[in-house]
Amino acid sequence: MTKDLNSALLDKPEVTHPILNISGLNVYYGESHILRNVDLNVFSGEMVCLIGRNGVGKTTLLKTIIGLLSARSGEVNLMTESILRRSPDRRAKLGIGYVPQGREIIPKLTVKENLLLGLETGRTKGRETEMMEQAFELFPVLKSMLWRLGGNLSGGQQQQLAIARALMGRPQLLLLDEPTEGIQPSIVLEIEASIQRIVKTTGISVLLVEQHLHFVRQANRYYAMQKGTIVASGETKSLSNDIIQQFLAV
Ligand SMILES: Nc1ncnc2c1ncn2[C@@H]1O[C@H](COP(=O)(O)OP(=O)(O)OP(=O)(O)O)[C@@H](O)[C@H]1O
Ligand SMILES: [Mg+2]
């Protein structure tokens with residue numbers, strides 16, 4: 001290997017068509033105008049980080065991309081296909097994986113059953129064993145806990161399970177909402193490393209909401225949100241202390 005992991009990740013992606021293209025997006029909760037004219041792109045093979053303080057609309061954006069919230073106006077395209085009028089199930093089938101804030105694994109199902117739920121995208125038909133093996137390779141701890149109930153796992157293990165579940169459906173684009181939130185530091189590093197590995201080895205593009213600066217810096221590019229509007233964006237290597245202080249809850 002000629003490049004180390006970090007330099008490979010910081011390089012610009014070689015393919016430059018957007019896998020996700022959002023333009024002029026406006027989203028409301030009732031009469032509250034939450035997202036305001038949001039434009040955002042994620043290119044193939046890229047890891048993009050969305051930063052912003054509490055309550056600015058980061059989760060609202062991810063929920064709108066996967067289809068749990070509907071937009072009042074604007075466009076969301078996956079590759080060249082407009083997806084705003086598609087159901088969340090249909091978007092998952094088209095290749096969007098979603099790991100929600102708070103993980104949302106099913107506590108009364110076993111680890112294995114939780115993982116199998118990820119197959120419902122239908123994108124990995126007949127490849128259950130292969131997908132399981134990939135999940136174990138990425139998160140070895142899950143293999144030893146296959147028969148445990150999801151609810152009995154630690155927070156970090158549940159997060160790993162939630163990411164693995166999304167990968168079982170082989171997305172093209174993975175949405176991750178604060179995957180390191182409330183997780184002990186040693187596991188944070190493990191989760192960071194596994195997400196880097198996903199980007200590097202599978203070609204899956206990632207849109208990440210994150211507060212840990214260390215992790216934000218591992219993304220190729222960032223978008224900073226304030227009051228539902230994108231107010232800054234660029235390469236993470238050019239993230240200034242000023243921007244960090246303004247937009248990260250550090
Ligand atoms: N179900 C809801 N009904 C009404 N307003 C909501 C609802 N969920 C969120 N909001 C409001 O929408 C705004 C954006 O919320 P959102 O959860 O998207 O923020 P966030 O950037 O993800 O915050 P955090 O960093 O705390 O996760 C906030 O002002 C919030 O109070
Ligand atoms: Mg949120």
Side-chain angles (χ1 to χ4, degrees), residues 20-42 47-76 78 83-84 87-88 91-92 96-105 155-156 158-163 165-166 171 173-185 187-188 191-192 195 205-219 221-234 236 239 241-250:
L20 177 73
N21 169 240
I22 298 175
S23 59
L25 193 68
N26 284 283
V27 176
Y28 289 68
Y29 273 118
E31 282 316 298
S32 314
H33 194 173
I34 307 294
L35 297 185
R36 296 163 183 267
N37 296 316
V38 169
D39 295 336
L40 180 148
N41 287 309
V42 177
M47 174 155 138
V48 171
C49 191
L50 176 64
I51 60 176
R53 290 181 177 265
N54 293 130
V56 297
K58 304 179 299 294
T59 296
T60 303
L61 179 57
L62 294 201
K63 283 186 173 171
T64 308
I65 297 169
I66 189 63
L68 297 172
L69 292 172
S70 43
R72 194 165 293 185
S73 63
E75 257 314 330
V76 178
L78 184 70
I83 58 167
L84 263 190
S87 68
R91 295 186 205 195
I96 305 181
Y98 174 52
V99 181
Q101 190 167 15
R103 313 180 264 277
E104 295 179 20
I105 61 128
Q158 289 187 8
Q159 187 65 62
Q160 291 172 315
L161 175 56
I163 298 168
R165 180 179 61 187
L173 170 70
L174 184 61
L175 309 174
L176 294 162
D177 198 346
E178 303 212 29
T180 65
E181 188 183 30
I183 287 170
Q184 65 180 80
I187 311 290
V188 167
I191 289 173
E192 285 181 16
I195 293 167
S205 309
V206 168
L207 177 58
L208 169 76
V209 173
E210 183 55 46
Q211 298 284 357
H212 282 94
L213 179 58
H214 179 253
F215 198 6
V216 173
R217 285 204 188 280
Q218 291 170 25
R221 290 186 302 118
Y222 74 92
Y223 287 86
M225 186 177 265
Q226 207 169 39
K227 294 183 187 158
T229 303
I230 301 294
V231 289
S233 63
T236 52
L239 257 174
N241 287 336
D242 199 33
I243 289 178
I244 290 159
Q245 295 224 324
Q246 243 181 307
F247 302 114
L248 281 180
V250 284

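We count ligands from 1, going down the list as the structure has it; atoms in each ligand are counted the same way.
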Counting only heavy atoms on the protein side, is anything nearer than 4.0 Å to atom 9 (C) of ligand 1? yes
Taking all atoms of both residues into account, what is the closest heavy-atom pair of Gln158 and Ile105, and its distance? O-CG2, 3.6 Å
Which of the numbered atoms in ligand 1 are under 4.0 angstrom from any heavy atom belonging to Thr59? 17 (O), 18 (O), 20 (P), 22 (O), 27 (O)
Here the gap from Leu175 atom CG to Leu207 atom CG, rounded to the nearest 0.5 Å, amounts to 5.5 Å
Can you find a protein heavy atom under 4.0 Å from atom 27 (O) of ligand 1? yes
Within 4.0 Å of some non-hydrogen atom of Thr60, the atoms of ligand 1 are 14 (C), 15 (O), 16 (P), 18 (O)
Does Pro100 offer a backbone N or O that forms a donor-acceptor pair with the side chain of Lys63 under 3.5 Å? no
Quick one about Thr59 and Gln101 (side-chain donor to acceptor, distance below 3.5 Å, no hydrogens or angles considered), yes or no? yes
of all protein heavy atoms, closest to atom 23 (O) of ligand 1 is Gly55 N, 2.8 Å
Work out whether the distance between some heavy atom of Lys63 and some atom of ligand 1 is less than 4.0 Å. no
Under 4.0 Å from one or more heavy atoms of Glu178, ligand 1 contributes atoms 25 (O), 27 (O)
For the Mg ion (ligand 2), count the protein N, O or S atoms found under 2.8 Å away. 2
So which atom in Gln160 and which in Ile191 form the shortest heavy-atom distance, rounded to 0.1 Å? CG-CG1, 4.0 Å
Considering only heavy atoms, which of Met225, Lys58, Lys227, Gln211 lies nearest to atom 21 (O) of ligand 1? Lys58
Quick one: does Pro171's side chain get under 4.5 Å of Tyr98's, heavy atoms only? no
Apply side chain to side chain donor-acceptor pair (under 3.5 Å) to the pair Gln218 and Glu192, showing each step before the final yes or no. CA-CA 9 Å; Gln218 291 170 25; Glu192 285 181 16; 3.0 Å; yes
Look only at interatomic distance and state if Asn54 has a nitrogen or oxygen under 3.5 Å from any nitrogen or oxygen of ligand 1. yes
Compare every heavy atom of Gly155 with every heavy atom of Ile183, then report the nearest pair and how far apart it is. CD1-O, 4.1 Å
Mind checking whether Ile34 has an N or O less than 3.5 Å away from an N or O of ligand 1? no
For Gly52, state whether at least one heavy atom is located under 4.0 Å from any atom of ligand 1. no
Polar contact flag, side-chain donor to acceptor under 3.5 angstrom, Ser23-Asp39: no
Which of the numbered atoms in ligand 1 are under 4.0 angstrom from any heavy atom belonging to Gln101? 27 (O)
Starting at CG of Leu50, measure out to CZ of Arg221 and round the result to the nearest 0.5 Å. 11.5 Å
